[in-house]
Amino acid sequence: MTRSMTTLSATGALGHEPIHPGSFYEGIKRPLDFIGADAGSGDSAPYFLGADEPMNPYEWEEHDLQLLLLAARERKIPMIIGSAGGAGTNRGVDDYVSILRTIAERHRLEPFRVAKIYSEVPIDLLRERLNSERIEPLGADGPLSLETLDKTDRVVAMMGIEPYLAAFDLGVDVVIAGRSCDDAIYASLPYRNGFPKALCFHLGKTLECASLVGTPSMAKETIIGTITDQYVDLEAMHPAQRCTPESVAGHSLYERVHPYTQAYPGGVLDTYETTYEQVSERATRLSGSRFIEDPVYKVKLEGAGLIGYRALTIGAVRDPIAIQSLDWVLDSIRQRTGEQYSQLEAGVDYQLLFHQYGKNGVMRELEPIRESRAHEICIVTEVVARTQEIADLIARFTLYRLLFPTFAGQKATAGGIAMLRDEVLQGQPSYRWTVDHLLPVKNPLDLFRIDVEEIAR
Amino acid sequence: MTTTVPLHRIAKTIRSKNAGAHYFTFDIIFDNRETYERVKKTGVITRDLVRELYGVGDERIAELVEYDKGNAIKITLRRSVSSGDVGDTDLYGCQQYIPLLDIPIPWSEETPGS
């Protein structure tokens, strides 16, 4: 008989929007070997990493963790969560474990052992490494520099499968991991059980976004994945959804630079030779994927740093004569602001941006339509400054300049902008992705720390 | 008779999204192999076209891949501003595909989608 492992993916972003329970309860009727979930994303901007803030509302995270934990403990199967808290910071890991304690207490669960895998990297460690080597960019513009590290508040390393393997060697029931390669969440246990590495990673790659791998596209619905020594099967659990060869192969496009290759710590998944076939109404089988080992094991580093504090104002222009002159009006306000606050250096002490929604607010320099056809244009003024006080002041100054503009052919003299509010809105502080680099390591565990805790009711 | 049809009438999916913090990636996905092959054979979707549609230099185009297994054409562009940085106006990059919708595709015989 063919040996296999079966796992369940109910969400591509734990806590980002609550899991839909219908297809989840359908999925847990299957004989499962473990349950996984990816909680992270780099898409939600660098703020959450830099500021170390949770990405999602506590209630939603608790909702999702409770569904998964209760199902896992009832079946005595492992639960694996990666990129806790969204950005995978140490606080994110601790917060999730704290939620698990609450759930265990509430439901009087039998004691279980949790591995906490921490993935924050001390910035001083990177400074030391820079003394003796070059750290190459992944997405960043150039090699890592001391100057970049000086502008960085927090760095996490993205783990591959090895820290998970080490955690399971410690005899744990649950893993709460910091920043993790999404696919490693599902690849690690099958790999530990001797399944082919390429299929383990391809299982992870297809499961990590849950129902986004099926058709029609749905979010937060459950997908079941089964791995054998020869193939991976994916089956949709929502009654209106199917996994088809097109949908599964098509998922390789999603949020990736290239559809045929996917780099991981330690190697590359190559799907040039992968075949996809429908094996039942709602299930598709893939096989033939290859894993090409990297001679040097490299770990992706993600870092974010504070740029400044943010203030916003919102208003709109409806006057067609004003709209014709709007670029000119905004330029003159920018100039007037510089004169009024000549002790501040524009671009250094503050950055002033006028977003013109109705013109090029979405696509900026990529916008092909040069002449707006809009009859009204919303102006969101955004100021990012080195202090909140400066940001607030510049935002208020520009708002009142917008109220009383001067332009050619002007008829209205009582006000030039319909303000949504006349107060300045304070946004979250502004962060930037600073580190997006690859660090070679001798041991895949080098940047990660594993603590084990027993949770007893 | 050959006429042209806008791409959105032929493709099943036309979308954009971040691929990491520094790239926008665009997927044009077709319903079936036949339609995909027909569009591919027209040779219309090229790096030159992408440069023209988005007004960018060739150095911004990281990939243009014909993905036969997915009946899809994928384009990846380097962002001018990384996701979430000051000046980024589309954090997830999901509203950057618009110029692709109306790419004129030479199309003969029956007009699909009509």
Side-chain angles (χ1 to χ4, degrees), chain A residues 41-50 137-141 215 217 245-260 271-276 300 302 304 307-308 310 351 353 355 357 360-370 380 382-384 430-434 436, chain B residues 12-13 15-33 36 50 52-56 60 62-102:
Chain A
S41 172
D43 268 346
S44 303
Y47 172 78
F48 300 103
L49 174 61
L138 178 60
D141 286 329
T215 184
S217 184
E246 293 76 23
S247 76
V248 175
H251 187 61
S252 290
L253 295 161
Y254 189 65
E255 295 182 338
R256 295 290 175 262
V257 170
H258 199 288
Y260 282 119
T271 63
Y272 279 98
E273 302 300 323
T274 306
T275 57
Y276 305 85
K300 182 192 178 193
E302 291 178 346
I307 306 172
R310 181 180 274 120
Q351 298 182 72
L353 296 94
H355 304 292
Y357 289 99
N360 59 3
V362 174
M363 295 187 64
R364 304 187 320 121
E365 88 284 1
L366 298 179
E367 176 59 65
I369 296 174
R370 294 293 162 193
V380 175
E382 181 183 16
V383 184
V384 175
S430 180
Y431 285 81
R432 173 180 294 153
W433 291 116
T434 52
D436 184 355
Chain B
K12 177 179 73 172
T13 301
R15 67 187 182 191
S16 64
K17 198 78 187 277
N18 287 346
H22 299 273
Y23 295 93
F24 291 137
T25 194
F26 302 79
D27 303 328
I28 304 166
I29 308 174
F30 300 92
D31 252 333
N32 54 62
R33 172 54 54 100
Y36 164 69
V50 173
E52 188 187 315
L53 288 175
Y54 286 92
V56 295
R60 290 274 296 274
E63 297 282 353
L64 192 159
V65 189
E66 289 167 340
Y67 181 49
D68 293 354
K69 285 186 201 303
N71 298 330
I73 298 170
K74 186 173 192 58
I75 302 154
T76 302
L77 287 189
R78 180 89 181 167
R79 278 166 156 271
S80 62
V81 173
S82 68
S83 165
D85 201 344
V86 176
D88 177 26
T89 49
D90 188 2
L91 283 186
Y92 286 71
C94 61
Q95 282 295 299
Q96 302 300 317
Y97 57 86
I98 316 304
L100 303 178
L101 294 173
D102 289 322

For A:Pro245, which residues count as a side chain to side chain contact (heavy atoms under 4.5 Å, CB included) partner, sequence neighbours excluded? A:Tyr276, A:Gln278, A:Thr284
Gap between atom CD of B:Gln96 and atom CG of A:Leu366 - 0.5 Å precision: 6.0 Å
Sort out for me which of A:Glu367, A:His355, A:Glu382, A:Arg364 touches chain B most, counting heavy-atom pairs under 4.5 Å. A:Arg364
So OG of B:Ser16 and CD of A:Glu255: to nearest 0.5 Å the spacing works out to 11.0 Å
Within the distance-only criterion (no hydrogens, no angle test), does the side chain of A:Arg310 pair as donor or acceptor with the backbone N or O of B:Val86 below 3.5 angstrom? no
Value for CD (B:Glu63) from CZ (A:Arg256), rounded to nearest 0.5 Å, stands at 14.0 Å
Exercise: identify the closest heavy-atom pair between A:Ala45 and B:Gly84: CB-CA, 4.0 Å
Between B:Leu53 and chain A, with a heavy-atom cut-off of 4.5 Å, which part of the residue counts as in contact: side chain, backbone, both or neither? backbone
Chain A contact via B:Arg60 - side chain, backbone, both or neither, heavy atoms under 4.5 Å: side chain
At a 4.5 Å cut-off on heavy atoms, which part of B:Tyr67 comes close to chain A: side chain, backbone, both, or neither? both
Between A:Glu365 and B:Val81, does the side-chain contact (heavy atoms from CB on, under 4.5 Å) criterion hold? Intermediate values first, please. CA-CA 11 Å; A:Glu365 88 284 1; B:Val81 173; over 6 Å; no
Under 3.5 Å donor-acceptor, B:Thr89 side chain and A:Val362 backbone: yes
Tell me if a side-chain donor or acceptor on B:Lys74 pairs with a main-chain N or O of A:Leu253 at a distance below 3.5 Å. yes
Any side-chain heavy-atom pair of A:Val257 and B:His22 under 4.5 Å: no
In short, A:Pro368 meets B:Pro99 closest at the heavy-atom pair CG-CG, 3.8 Å
Counting only non-hydrogen atoms closer than 4.5 Å, does B:Ile29 touch chain A with its backbone (N, CA, C, O), its side chain (CB onward), both, or neither? side chain
By salt bridge (charged side-chain N to carboxylate O under 4.0 Å, His left out) - contacts of A:Glu246 (at least two apart): none
Which portion of B:Arg33 sits near chain A, non-hydrogen atoms under 4.5 angstrom: neither
Side-chain donor/acceptor of B:Lys69 to backbone N/O of A:Thr275, under 3.5 Å: no
B:Glu66 portion near chain A, given a 4.5 angstrom heavy-atom threshold: backbone
Nearest-0.5 Å distance that lies between atom CZ in B:Phe24 and atom CE in A:Met363: 8.0 Å
Is it the backbone or the side chain of B:Asp27 that comes under 4.5 Å from a heavy atom of chain A, or both, or neither? side chain
Atom group of B:Asn32 that falls short of 4.5 Å from chain A, counting heavy atoms: neither
